[in-house]
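Predicted model only: the values in this text are computed from it and were never measured. Proteins get letters first, then strands, A, B, ... in listed order; numbering begins at 1 in each.
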Amino acid sequence: MARYLITSALPYINGVKHLGNLAGSMLPADVHARFRRMQGHEVLFICATDEHGTPAELAAAELGVSPRAYCDQFHDIQRKAGEGFGLSFDWFGRTSNPPNHRLTQHLAEALEGNRLLEERTTRQVYSNADKRFLPDRYVEGTCPFCFYENARGDQCDNCGALLDPVQLKNPRSKISGSSDVELRDTAHLFLLQSKMQEQIRAWVDRAEGWPSLARSIAYKWLDEGLIDRSITRDLAWGVKVTKDGAPRQGFDDKVFYVWFDAPIGYIGATVEWAEGKGGNWERWWRTDKGAADVTYVQFMGKDNVAFHTVSFPVTIIGSGEPWKLVDRLKAFNWVTWYGDKFSTSQRRGVFMDQALELLPGDYWRWYLMANAPESSDAAFTWEQFKDTINADLANVLGNFVNRIMKFAETKMGGVVPMEGEPGPLENELYEDLEERLARISDFHDQMEFRKAAAETRSLWVRGNEYLQLAAPWTALKTDPVRAAMVVRTGLNLCALFAATAFPFIPESAQAIRDGLGLKGDPAWPLGAKLFELVSPGAPIAVPPVLFRKIEDADVAAWSERFGGG
RNA sequence: GGUGGCGUAGCUCAGUUGGUUAGAGCGUGGGAUUCAUAACCCCAAGGUCGGUGGUUCAAUUCCACCCGCCACCA
């Protein structure tokens with residue numbers, strides 16, 4: 001038995017997440033966590049909302065509520081959406097909660113103690129009307145290169161030039177629209193990443209269990225040279241800047257940059273878990289306090305790889321303290337909407353809460369994992385969604401369970417038949433199943449989700465094939481003992497299918513197990529027990545149809561409502 | 001603009017450390033069956049592996065350039 005610490009990239013608080021966010025980190029992390037638990041390993045699965053930063057502050061202001069109230073509301077919405085999809089977090093925390101504040105301040109002070117933090121004065125755009133410094137993206141003005149009038153402070157959308165806000169002509173605040181702005185000196189804390197260059201490179205050199213993509217991204221940043229960057233911002237909403245445990249002089253109106261405190265939220269949420277459930281968080285995060293044998297697995301979108309392989313490691317390695325570092329890492333591309341990006345404003349795409357209004361979480365879970373954006377962006381289309389659900393879930397899995405269980409109910413007295421011994425057909429099936437299970441296990445172990453799903457489906461197909469060859473409906477007329485054997489085998493297959501389905505579609509798997517009278521959570525099936533999953537003589541109850549088919553009319557209605565098509 | 005990724009059957013994707021007939025699922029066509037959600041099972045058709053050039057006895061697989069799409073650029 002091993003120990004796995006699993007984290008999903010933290011969803012930002014700003015609104016409900018869409019299916020791409022779900023598919024790119026939270027869902028695969030959940031599938032993996034469930035698989036590891038089934039294997040009997042000790043798993044701690046942690047996630048949280050990432051709540052600080054300018055977008056949250058501005059979104060709250062637009063609604064006329066405090067950032068705290070805004071975050072309270074959306075944390076709750078996101079937590080409920082996650083529950084609706086069966087995400088089995090051991091804790092779903094918040095970066096705005098006290099543990100993360102304490103840890104962020106602690107790590108910053110540790111970095112300062114190691115001479116890795118430095119105060120520097122920079123010139124930034126200050127808005128007199130808004131009485132605040134403006135982040136790059138909230139300064140607009142005329143591009144100095146192409147004279148486009150609505151260039152943003154970080155980049156000109158017209159000519160693509162990368163800009164510094166001080167370069168803009170006629171700068172104005174995007175918040176108030178006021179052009180009463182000026183340049184002011186302001187102090188910020190810089191993290192001296194350049195000093196950590198060699199240590200980080202040595203760590204990356206030693207890292208195993210990363211995909212080549214993650215490695216090359218990390219090396220690219222290292223080859224270009226890590227540069228010192230500001231880790232504070234002129235905002236009110238965030239983690240206050242301290243020195244020696246007291247407010248830091250001159251930083252009253254500043255907080256840590258969201259990208260500094262967000263990944264620390266992985267640890268902060270684990271502390272929340274420990275406080276809430278009485279666990280020991282240091283046993284998972286401090287290698288001097290029991291975490292040395294933990295395998296830490298991170299899930300994230302591709303855009304986050306650099307932060308997880310370089311930026312965050314700078315923070316925790318630079319602290320000089322024995323924190324647990326990532327061991328294995330899985331990155332995803334995006335799910336796209338008919339090949340384009342998801343877009344709220346254009347009413348394009350499906351968001352987590354809306355998806356659950358249409359169909360139960362399992363339908364989405366299966367589709368998103370069977371078509372996971374692993375090697376490149378993956379397009380979501382209603383047509384493909386319909387085909388995948390109907391073929392894989394309704395026809396192959398759902399119908400198998402239904403056909404054999406109904407047969408057992410009507411022809412075998414509603415119990416697991418006791419008679420008969422395995423014949424050549426069963427022996428062949430048995431060998432085949434063992435091989436397939438090993439392959440599925442291997443794909444889960446490698447976190448190859450598409451392949452794991454495809455192989456799982458193929459296992460279900462094998463069950464239908466067996467039933468077709470064994471034909472209990474024929475055997476019933478000529479050899480009832482043989483028919484009993486086949487039905488018992490079929491019911492064992494149901495239990496096996498429920499187990500293999502469990503990481504992907506836990507609710508449906510549970511429904512199958514309930515029908516078979518199986519208690520508790522399923523364990524990952526092992527060869528010797530394949531045909532002993534259900535007890536001869538045990539009563540069974542046919543579950544309601546597991547998956548309804550998606551009709552053309554559904555596709556038409558959903559396309560109308562959500563766009564696409 | 002720079003860097004990286006991708007471009008393989010109608011659709012979604014595997015694969016090829018260069019080597020006889022390039023694979024899967026869906027969709028399509030045919031067959032078989034009737035236990036089941038008109039489901040399942042079997043068979044078949046279908047691809048000059050983005051384009052051009054190069055290296056090689058041999059390239060879809062290596063190299064160069066080009067085209068298209070995507071991501072990142074602190």
Side-chain angles (χ1 to χ4, degrees), chain A residues 24 136 145 154-155 159-162 190-191 193-194 211-231 257 259-260 301-307 310-311 314 331-334 336 338-341 367 370-381 383-412 443 448 450-451 453-455 457-458 460-477 483 486-487 490 542-551:
Chain A
D136 294 359
F145 302 105
D154 56 342
Q155 184 170 19
C159 69
L162 295 178
F190 277 70
L191 178 58
Q193 298 194 114
S194 54
S212 56
L213 180 66
R215 246 190 156 64
S216 66
I217 289 175
Y219 279 127
K220 175 177 170 274
W221 277 43
L222 289 163
D223 290 344
E224 289 176 0
L226 300 184
I227 68 166
D228 305 334
R229 65 177 188 133
S230 166
I231 59 163
Y257 183 31
W259 257 112
F260 182 74
K302 191 170 65 171
D303 58 325
N304 266 342
V305 170
F307 293 100
V310 178
S311 304
V314 165
F332 288 83
N333 292 279
W334 301 123
T336 61
Y338 289 83
D340 288 329
K341 289 181 180 176
Y367 175 86
N371 298 287
E374 287 181 302
S375 60
S376 61
D377 290 353
F380 178 96
T381 67
E383 293 74 12
Q384 201 193 337
F385 179 66
K386 165 179 174 281
D387 288 344
T388 300
I389 296 306
N390 289 354
D392 297 355
L393 297 186
N395 293 348
V396 173
L397 176 61
N399 182 56
F400 177 86
V401 171
N402 190 246
R403 70 194 292 205
I404 189 66
M405 288 190 73
K406 266 196 178 158
F407 192 85
E409 184 184 59
T410 56
K411 306 292 197 330
M412 296 286 161
F443 287 138
E448 295 265 16
R450 270 184 117 111
K451 290 179 181 173
E455 196 62 38
R457 180 205 129 90
S458 142
W460 302 338
V461 169
R462 185 64 179 83
N464 279 303
E465 188 189 331
Y466 164 77
L467 217 52
Q468 207 66 24
L469 291 171
W473 45 90
T474 304
L476 194 61
K477 297 167 188 163
V486 173
V487 171
V542 184
V545 167
L546 290 169
F547 307 100
R548 82 166 178 91
K549 288 198 190 189
I550 297 171
E551 310 292 340

By the 4.0 Å heavy-atom rule, please label A/Phe307 as base, sugar-phosphate, or nothing.
nothing
How many Å lie between CG on A/Leu467 and C1' on B/C41, as a whole number?
10 Å
For A/Phe260 and B/A74, what is the distance between atoms CZ and P respectively, to the nearest whole Å?
19 Å
Heavy atoms under 4.0 Å, any strand shown: does A/Trp259 hit a base, just sugar-phosphate, or nothing?
nothing
Taking the side chain as everything from C-beta on, heavy atoms only, tell me whether A/Gln384 gets closer than 4.5 Å to A/Tyr367.
yes
Looking across every strand, which nucleic acid part, if any, lies under 4.0 Å from A/Leu546 by heavy atom: base, sugar-phosphate, or nothing?
base
Should A/Pro472 and A/Phe407 count as side-chain neighbours, where that means a heavy-atom distance under 4.5 Å?
yes
What is the distance, to the nearest angstrom, from the CG atom on A/Asp387 to the C1' atom on B/C11?
9 Å
State whether the side chain of A/Asn464 and the backbone N or O of A/Val396 hold a donor-acceptor pair below 3.5 Å, judged by distance alone.
yes
Looking at A/Lys549, does any N or O in its side chain come under 4.0 Å of the phosphate oxygens OP1/OP2 on B/A39?
yes
Using a cut-off of 4.0 Å on non-hydrogen atoms, how would the nucleic acid contact of A/Ala378 be classed: base, sugar-phosphate, or nothing?
sugar-phosphate
Rounded distance (Å) that lies between atom P of B/A39 and atom CH2 of A/Trp473
16 Å
Counting only Watson-Crick and G-U wobble pairs with both atom distances below 3.5 Å, the stems of 3 or more consecutive pairs that include RNA chain B are B:1-7 with B:67-73, B:10-13 with B:23-26, B:28-31 with B:41-44, B:50-54 with B:62-66
Would you kindly check whether a donor in the side chain of A/Asn399 faces an acceptor in the base of B/A36, or vice versa, at under 3.5 angstrom?
yes
If you measure from the C1' atom in B/G7 to the same atom in B/G51, how many Å do you get, rounded?
11 Å
Could you tell me how far apart A/Asp392 (CG) and B/C26 (C1') are, to the nearest whole angstrom?
9 Å
Would you indicate what A/Arg457 reaches in the nucleic acid, counting non-hydrogen atoms under 4.0 angstrom: base, sugar-phosphate, or nothing?
sugar-phosphate
Does the side chain of A/Met412 reach to within under 4.5 Å of the side chain of A/Leu476, using non-hydrogen atoms?
yes
At under 4.0 Å, does any side-chain N or O of A/Lys406 touch on OP1 or OP2 of B/U34?
no
Heavy-atom side-chain contact between A/Trp460 and A/Leu393 under 4.5 Å
yes
Closer to the 5' end of RNA chain B via nearest nucleotide, is it A/Ser311 or A/Val461?
A/Val461
Here's a test of your reading of the structure: between A/Gln193 and A/Pro472, which maps to the more 5' nucleotide of RNA chain B?
A/Pro472
Closest to side chain of A/Arg450, choosing from B/C13, B/U37, B/C41:
B/C13
Distance between P atoms of B/U28 and B/C11 (Å, rounded)
15 Å
When rounded to the nearest Å, what value does the distance between P atoms of B/G47 and B/G54 take?
27 Å
Reckon A/Lys386 has a side-chain N or O less than 4.0 Å from the OP1 or OP2 of B/C26?
no
Please give the distance between the C1' atoms of B/A9 and B/U48 as a whole number of Å.
13 Å
Mind checking the C1' distance from B/U61 to B/U8? Whole angstroms is fine.
11 Å
What is the distance, rounded to the nearest whole Å, between atom CD of A/Glu465 and atom P of B/A24?
14 Å
Are A/Phe407 and B/C35 stacked, counting the six-membered base ring, centres under 5.5 Å, planes under 30°?
no
For the residue pair A/Trp221 and A/Phe307, categorise the inter-ring angle as parallel (less than 30°), tilted (30 to 60°) or perpendicular (more than 60°).
perpendicular
With sugar-phosphate meaning primed atoms plus P, OP1 and OP2, does A/Gly463 contact a base, only sugar-phosphate, or nothing at under 4.0 Å between heavy atoms?
nothing
Less than 4.5 Å apart, any side-chain heavy atom of A/Asn333 and any of A/Glu374?
no
Atom CD1 of A/Ile227 to atom P of B/A74: distance rounded to whole Å?
8 Å
Taking side chain as C-beta onward, heavy atoms only, is A/Val542 less than 4.5 Å from A/Asn402?
yes
Roughly how many Å apart are B/G5 and B/G50, using the C1' atom of each and rounding to a whole number?
15 Å
Please examine the side chains of A/Phe332 and A/Pro373, heavy atoms only from C-beta on, and report whether any two atoms are closer than 4.5 Å.
yes
Base, sugar-phosphate, or nothing: which does A/Val396 touch, judged by heavy atoms less than 4.0 Å apart?
nothing
Whole angstrom value for the distance that separates P of B/C40 from CZ of A/Arg462:
17 Å
In whole Å, what separates the P atom of B/G23 from that of B/C66?
34 Å
Hey, could you give me the OG1/NZ distance between A/Thr381 and A/Lys386, rounded to the nearest 0.5 Å?
10.5 Å
Gap in Å between the two P atoms, one belonging to B/U17 and one to B/C72, rounded:
32 Å
For the side chain of A/Gln468 and the base of B/C40, is some donor closer than 3.5 Å to an acceptor across the two?
yes
